[in-house]
**Student:** 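Sharing a structure, written as structure tokens. Questions coming.
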Amino acid sequence: MSVRVRFAPSPTGFLHVGGVRTALYVWLFARHHGGTTVLRIEDTDTEREEAGAIEQIQRSLDWLGLDFDESPRVGGPHGPYLQSERSEHYQAAVDRLLAQGDAYRCYQTAEELEVARAEARQTDDPALPTRLHRDLTAEQIASFEAEGRPAVIRFRTPLEGETVIDDLVRGQVVFEHRLLGDTVLMRGGGRPTYQLANPLDDLAMGITHVIRGEDLLSSTPRQKLLVEALGGTFPQTAHLSMILGADKKRLSKRHGAASVEEFREAGYLPEALVNFLALCGWSWDGETELMSVAELIERFSLERVNPAPAVFDHEKLAWMNGQHLRALDAGAYTAALRRYLEDAGSPLADAARLDELVPVVQEKLGAFGEFDALVGSLLESREPDAESWQKLLNDEHAARILDAAIASLSALPAWTVENVESGLRAVCEELELKPRQAFLPIRIAIAGSTVAAGLYESIAFLGLEASLARLQHARAALADV
RNA sequence: GGCGCAUUCGUCUAGGGGCCUAGGACGCCGCCCUCUCACGGCGGUAGCACGGGUUCGAAUCCCGUAUGCGCUACCA
């Protein structure tokens with residue numbers, strides 16, 4: 001039987017790294033086994049739905065390169081895999097369960113339920129409140145109907161026995177039926193709940209492996225019971241651990257960068273994020289860390305997924321991004337950089353000589369987001385950094401250094417990085433200053449900051465004319481002091 | 001409260017009875033390289049939650065405790 005897996009987010013907000021990790025594992029598992037990936041939007045709760053969330057989720061998955069074979073994308077060959085468009089399907093299942101006696105109408109009001117729950121909390125049957133209307137008499141039903149009370153549909157969970165889930169990540173997990181309670185399948189308004197829609201769709205779509213977060217582990221026995229009541233076979237499951245913030249709490253917006261979009265905006269490479277997330281709960285041999293997507297696909301297996309929760313480590317991701325960035329060849333680097341600048345709406349995206357800057361920045365950038373600060377001033381003229389400029393003004397040797405640099409650079413036979421270097425070295429010798437001392441004012445004059453790309457490369461990139469103009473401008477500023 | 005899951009350096013992890021005086025990586029510290037910032041190189045710091053078993057032998061198996069997380073919704 002070929003593998004069919006799905007990623008089923010609810011459109012309640014952006015895709016955070018925990019969700020992405022799940023999507024990635026689903027995708028890697030499918031690609032590894034030559035299976036099919038399905039994207040299904042679980043929008044049964046219209047209250048919590050957020051406008052634009054579906055598009056944002058899709059955009060994030062696209063950027064990461066996680067392509068889904070069947071998705072609700074407009075114009076796609078399949079779908080619609082929006083649960084909001086599958087109402088008849090759920091209704092039919094509920095009708096059947098009702099007819100079979102595996103489901104029943106429950107007329108409890110919210111208040112009644114709340115009271116019952118509070119009472120049952122301390123007893124040895126905490127699920128009792130969910131089955132108060134399980135065995136209503138015909139008269140009671142008639143009376144509730146006459147009152148015009150809305151009813152929810154509940155599943156008639158067996159009172160005895162237990163369900164064993166043989167999870168691919170966690171092994172056997174046993175759940176007592178008595179403690180499960182009678183799950184609401186259909187809300188008062190006639191819309192299905194997740195507990196109904198999710199397993200039903202997995203069944204209808206022929207899903208073979210359910211790969212999802214551990215938060216859903218306790219729902220699994222209910223869903224298995226439901227599917228079996230419908231005569232179906234429950235898929236294999238793999239429950240992934242949660243991804244936590246530094247405070248060990250479930251990762252959320254409060255933890256800073258948590259959405260894919262934020263990493264994209266900071267100039268992270270999708271393949272770096274993918275690599276990092278793959279290693280967040282899975283490992284290949286415990287040693288190898290830097291892997292391409294192709295390698296991940298080849299090596300991924302659920303057997304090696306770690307059941308323990310993982311804290312999301314921004315620092316390590318940043319390091320890994322730098323590794324991926326430095327591993328790119330010049331052409332790929334230029335393309336990725338330009339794409340980033342375009343995305344960010346930076347005017348630098350149009351710079352014709354972007355490719356010439358690659359060797360200047362590639363060893364230095366941890367993320368493309370740092371590009372502008374490092375070499376933006378080489379591509380367009382900018383106001384120098386005030387603090388740095390003050391250092392230039394306060395430097396007692398600045399004037400003679402700049403004079404010497406101007407003279408030396410003007411006399412270069414050819415404008416190459418090597419010549420610029422020897423020219424500046426000569427300045428140091430002539431003035432009997434150490435490079436670190438002599439280059440400080442030059443750097444500030446050229447780059448507008450004490451922190452910048454390599455000096456020789458920067459000057460070579462700027463060209464004779466522009467370089468001299470900047471040096472002279474700084475020299476003139478000194479004259480005013 | 002109940003049920004479930006989890007527990008190896010600060011963090012991600014390797015480890016599935018002797019190969020472990022516990023390996024790798026990020027971070028941190030030190031040194032080197034060096035025109036700033038980085039990169040890079042070398043070295044170092046640091047861990048099997050606790051208590052009982054089982055066994056000749058346990059990080060590895062079992063039980064208990066603790067702690068964390070999840071669920072306990074007409075959220076997913």
Side-chain angles (χ1 to χ4, degrees), chain A residues 8-10 12 42-45 47-48 106 108 110 113 117 120-127 130 150-154 165 167 169-170 173-176 178-181 183-195 197-198 212-221 239 241-242 244 246 248-250 276 279-290 304 306-320 322-323 326 361-366 370 373-374 388 421 424-425 428 434-440 442-444 447 449-456 458:
Chain A
S10 60
T12 52
E42 310 231 315
D43 53 350
T44 53
D45 184 9
E47 313 269 311
R48 297 204 320 150
C106 170
Q108 289 175 100
L113 199 52
R117 254 202 292 265
R121 213 48 183 248
Q122 309 304 325
T123 72
D124 65 343
D125 189 6
T130 66
V152 301
I153 311 295
R154 285 186 188 273
I165 302 300
D167 194 83
V169 172
R170 272 149 229 284
V173 187
V174 182
F175 295 90
E176 251 188 281
R178 192 176 65 87
L179 267 12
L180 256 27
T183 320
V184 173
L185 302 180
M186 202 71 102
R187 298 170 225 249
R191 276 179 298 108
T193 63
Y194 163 82
Q195 301 296 356
N198 177 279
R212 55 171 27 164
E214 191 198 339
D215 49 338
L216 265 9
L217 181 58
S218 357
S219 294
T220 310
H239 285 89
S241 65
M242 304 278 88
L244 314 174
K248 307 263 185 172
K249 301 282 182 209
R250 205 165 154 178
F276 178 77
L279 254 21
C280 217
W282 171 83
S283 66
W284 164 237
D285 57 4
E287 309 257 312
T288 314
E289 304 214 281
L290 268 13
R304 288 193 62 84
N306 187 338
V311 173
F312 188 77
D313 186 353
H314 280 87
E315 304 250 33
K316 187 153 183 176
L317 169 57
W319 166 79
M320 191 167 277
Q323 295 295 315
R326 268 166 244 123
V361 299
Q362 189 165 14
E363 291 303 308
K364 292 180 182 286
L365 294 186
E370 300 158 10
L374 193 68
S388 299
E421 174 168 4
L424 292 184
R425 294 265 174 210
C428 296
K434 293 196 173 207
R436 75 183 309 123
Q437 220 180 345
F439 290 177
L440 182 71
I442 301 178
R443 167 169 294 106
I444 298 167
S449 170
T450 53
V451 177
L455 194 51
Y456 317 136
S458 297

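Chain naming here is simple, since letters A, B, ... match the order of the sequence lines and numbering starts at 1 in each.
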**Student:** Nearest to the side chain of D215(A), which nucleotide is it out of U11(B), C71(B), G1(B)?
**Tutor:** C71(B)
**Student:** Just compare A6(B), A76(B), C35(B) and give me whichever is closest to any side-chain atom of P309(A).
**Tutor:**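 Of the candidates, A6(B) comes closest.
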**Student:** For G70(B), take OP1 and OP2 only and decide whether either is under 4.0 Å from a side-chain N or O of R170(A).
**Tutor:**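 Checking R170(A) against G70(B): no side-chain N or O falls below 4.0 Å of OP1 or OP2.
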**Student:** Start with the C-alpha distance between H239(A) and T220(A), add both sets of side-chain angles, then the distance that settles side-chain contact (heavy atoms from CB on, under 4.5 Å), and finish with yes or no.
**Tutor:** CA-CA 10 Å; H239(A) 285 89; T220(A) 310; 3.1 Å; yes
**Student:** If the C1' atom of G23(B) is compared with that of C19(B), how far apart are they to the nearest Å?
**Tutor:**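 The answer is 12 Å between these two C1' atoms.
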**Student:** Would you mind classifying the nucleic acid contact of L216(A) as base, sugar-phosphate or nothing, using non-hydrogen atoms under 4.0 angstrom?
**Tutor:**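 Base, at least one base atom sits under 4.0 Å.
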**Student:** Categorize S219(A) for me: base, sugar-phosphate, or nothing, with a 4.0 angstrom heavy-atom threshold over every strand shown.
**Tutor:** base
**Student:** Within the structure shown, what part of the strands sits under 4.0 Å from V152(A) by heavy-atom distance: base, sugar-phosphate, or nothing?
**Tutor:**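 Touches a base.
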**Student:** Round to the nearest Å and state the distance from R443(A) atom CZ to A38(B) atom C1'.
**Tutor:** 11 Å
**Student:** R326(A) near the nucleic acid: base, sugar-phosphate alone, or nothing, with a heavy-atom cut-off under 4.0 Å?
**Tutor:** sugar-phosphate
**Student:** With the side chain of W319(A) defined as its heavy atoms from C-beta on, choose the nearest nucleotide among A76(B), G70(B), G27(B).
**Tutor:**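 Within the option list, the nearest is G27(B).
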**Student:** Across the strands shown, which category fits E42(A) at heavy-atom distances under 4.0 angstrom: base, sugar-phosphate, nothing?
**Tutor:**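 If one applies the 4.0 Å heavy-atom cut-off, E42(A) turns out to touch the sugar-phosphate alone, with no base involved.
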**Student:** With both distances under 3.5 angstrom, what nucleotide forms a Watson-Crick or G-U wobble pair with U34(B)?
**Tutor:**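 Paired with U34(B), as far as the under-3.5 Å criterion goes, is no nucleotide at all.
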**Student:** Assign each of A8(A) and D285(A) to its nearest nucleotide of RNA chain B by heavy atoms, then name whichever residue's nucleotide is nearer the 5' end.
**Tutor:**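 On the 5' side of the pair lies D285(A).
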**Student:** With a 4.5 Å limit on heavy-atom distance, are the side chains of L440(A) and T450(A) in contact?
**Tutor:** yes
**Student:** Look through every strand shown and name the nucleotide pairing with C39(B) as Watson-Crick or G-U wobble, where both distances are under 3.5 Å.
**Tutor:**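 None - no nucleotide pairs with C39(B), as no candidate has both distances under 3.5 Å.
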**Student:** Select base, sugar-phosphate, or nothing to describe what S283(A) touches, counting heavy atoms under 4.0 Å on all strands.
**Tutor:**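 Result for S283(A) = sugar-phosphate.
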**Student:** Is there a side-chain contact (heavy atoms from CB on, under 4.5 Å) between K434(A) and C428(A)? Walk through the geometry before answering.
**Tutor:** CA-CA 6 Å; K434(A) 293 196 173 207; C428(A) 296; over 6 Å; no
**Student:** Report yes if the side chains of W319(A) and F276(A) come closer than 4.5 Å at any heavy-atom pair, otherwise no.
**Tutor:**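 Of all side-chain heavy-atom pairs linking F276(A) with W319(A), none is under 4.5 Å.
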**Student:** Could you tell me whether A447(A) contacts a base, only the sugar-phosphate backbone, or nothing, with contacts defined as non-hydrogen atoms closer than 4.0 Å?
**Tutor:**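 Nothing: the residue A447(A), judged by heavy atoms under 4.0 Å, touches no strand.
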**Student:** Going by heavy atoms in the side chains, are S10(A) and D45(A) under 4.5 Å from each other?
**Tutor:**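 When only atoms from C-beta onward are counted, D45(A) and S10(A) do not touch, as no gap falls below 4.5 Å.
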**Student:** Give me the distance, rounded to whole Å, that separates A59(B) from G47(B) when you measure between the P atoms they each carry.
**Tutor:** 15 Å
**Student:** How close or far is atom C1' of C39(B) from atom CD of Q362(A), stated in whole angstroms?
**Tutor:**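 Nearest whole value for this atom pair: 11 Å.
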**Student:** Quick check on C74(B): is either OP1 or OP2 less than 4.0 Å from any side-chain nitrogen or oxygen of R154(A)?
**Tutor:**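 Looking at the OP1 and OP2 atoms of C74(B), one of them is under 4.0 Å from a side-chain N or O of R154(A).
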**Student:** So which nucleotide does C26(B) pair with, by the Watson-Crick or G-U wobble rule with both distances under 3.5 Å?
**Tutor:** G10(B)
**Student:** Counting side-chain heavy atoms from C-beta on, which of U36(B), G68(B), G27(B) comes nearest to K248(A)?
**Tutor:**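 Ranking U36(B), G68(B), G27(B) by closest atom to the K248(A) side chain puts G68(B) first.
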**Student:** Could you measure between the two P atoms, the one in G2(B) and the one in G44(B), and give it in whole Å?
**Tutor:**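 Those two atoms are separated by 49 Å.
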**Student:** Remember a base hit wins even if backbone is also touched, and classify L217(A) as base, sugar-phosphate or nothing at under 4.0 Å, heavy atoms.
**Tutor:** sugar-phosphate
**Student:** Under 4.0 Å between any heavy atoms, over every strand shown, what does R425(A) touch: base, sugar-phosphate, or nothing? Just pick one.
**Tutor:**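 Touches sugar-phosphate only.
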**Student:** From CE of M320(A) over to P of A25(B), roughly how many Å is that when rounded to an integer?
**Tutor:**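 After rounding, the reported distance stands at 12 Å.
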**Student:** Within the 4.0 Å heavy-atom criterion, would you say G454(A) contacts the bases, only the backbone, or no part of the nucleic acid?
**Tutor:**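 It contacts base atoms.
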**Student:** If I pick the C1' atom on A46(B) and the same atom on G40(B), what distance separates them, to the nearest angstrom?
**Tutor:**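 Looking at atom C1' only, G40(B) and A46(B) are 24 Å apart.
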**Student:** Look at all strands and tell whether E315(A) reaches a base, only sugar-phosphate, or nothing, counting heavy atoms closer than 4.0 Å.
**Tutor:** sugar-phosphate
**Student:** For C61(B), give the paired nucleotide (Watson-Crick: N1-N3 plus N6-O4 or O6-N4; G-U: N1-O2 and O6-N3; both under 3.5 Å), or none.
**Tutor:**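 Across all strands, the one nucleotide that pairs with C61(B) is G53(B).
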**Student:** When you compare C12(B) with C3(B), how far apart are their P atoms, in angstrom units rounded to a whole number?
**Tutor:**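 Pairwise P distance, C12(B) against C3(B), rounds to 28 Å.
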**Student:** Report the distance from atom CG of D43(A) to atom OG1 of T12(A), rounding to the nearest 0.5 Å.
**Tutor:**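 Here the rounded value is 11.0 Å.
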**Student:** Are there over 12 heavy-atom neighbours, none belonging to R436(A), within less than 6.0 Å of that residue's CZ?
**Tutor:**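 Open.
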**Student:** Write down the distance separating the C1' atoms in G53(B) and G17(B), rounded off to the nearest Å.
**Tutor:** 15 Å
**Student:** Can you confirm whether R191(A) sits close enough to T44(A) that some side-chain heavy atom of one is under 4.5 Å from a side-chain heavy atom of the other?
**Tutor:**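 They are not in side-chain contact.
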**Student:** Tell me what R212(A) touches on the nucleic acid: a base, only sugar-phosphate, or nothing, going by heavy atoms under 4.0 Å.
**Tutor:** nothing
**Student:** Hey, what do you get for CZ (F312(A)) to CE (M242(A)), rounding to the nearest 0.5 Å?
**Tutor:**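 Result: 14.5 Å between the selected atoms.
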**Student:** Rounded to whole angstroms, how far apart are CG on N306(A) and C1' on C12(B)?
**Tutor:**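 Taking atom C1' of C12(B) as the reference, CG of N306(A) is at 9 Å.
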**Student:** Examine G40(B): is either OP1 or OP2 under 4.0 Å from a nitrogen or oxygen in the side chain of Q323(A)? Give yes or no.
**Tutor:** yes
**Student:** Please classify the nucleic acid contact of A308(A) as base, sugar-phosphate, or nothing, using heavy-atom distances under 4.0 Å.
**Tutor:** sugar-phosphate
**Student:** Sort out the partner of U21(B) for me: Watson-Crick or G-U wobble, both distances under 3.5 Å, none otherwise.
**Tutor:** none
**Student:** Check the distance between G24(B)'s C1' and E287(A)'s CD and give it to me in whole angstrom.
**Tutor:**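 In whole Å, G24(B) C1' and E287(A) CD are 4 Å from each other.
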**Student:** If I pick the C1' atom on U13(B) and the same atom on A6(B), what distance separates them, to the nearest angstrom?
**Tutor:** 15 Å
**Student:** In whole Å, what separates the P atom of G51(B) from that of U60(B)?
**Tutor:** 12 Å
**Student:** Closest to the P126(A) side chain: C37(B), A76(B), G1(B)?
**Tutor:**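 Looking only at side-chain atoms, P126(A) lies closest to G1(B).
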**Student:** Sort out the partner of G1(B) for me: Watson-Crick or G-U wobble, both distances under 3.5 Å, none otherwise.
**Tutor:** U72(B)
**Student:** Check whether any side-chain nitrogen or oxygen of T193(A) sits under 4.0 Å from OP1 or OP2 of A76(B), and answer yes or no.
**Tutor:**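 No, T193(A) has no side-chain N/O under 4.0 Å of OP1/OP2 on A76(B).
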**Student:** Please report, rounded to the nearest Å, how far the P atom of A38(B) is from the CG atom of L374(A).
**Tutor:**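 Taking CG of L374(A) and P of A38(B), I get 11 Å after rounding.
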**Student:** With RNA chain B as reference, determine whether S218(A) or C280(A) sits nearer its 5' end, using the nearest nucleotide of each.
**Tutor:**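 Its nucleotide being nearer the 5' end, the pick is C280(A).
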**Student:** Please walk me through it: do E214(A) and R170(A) pass side-chain contact (heavy atoms from CB on, under 4.5 Å)?
**Tutor:** CA-CA 10 Å; E214(A) 191 198 339; R170(A) 272 149 229 284; 3.7 Å; yes
**Student:** I need the CD-C1' distance between E47(A) and A76(B), as an integer number of Å.
**Tutor:**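 So the two atoms are 14 Å apart, to the nearest Å.
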**Student:** Should C50(B) be called syn or anti, with syn set as within 90° of 0?
**Tutor:** anti
**Student:** Applying a 4.0 Å non-hydrogen cut-off, can you work out what F276(A) is touching in the nucleic acid: base, sugar-phosphate, or nothing?
**Tutor:** nothing
**Student:** So which nucleotide from G2(B), G10(B), U36(B) ends up closest to the side chain of R436(A)?
**Tutor:** U36(B)
**Student:** E289(A) has an atom CD; how far is it from atom P of G27(B), in whole Å?
**Tutor:** 11 Å
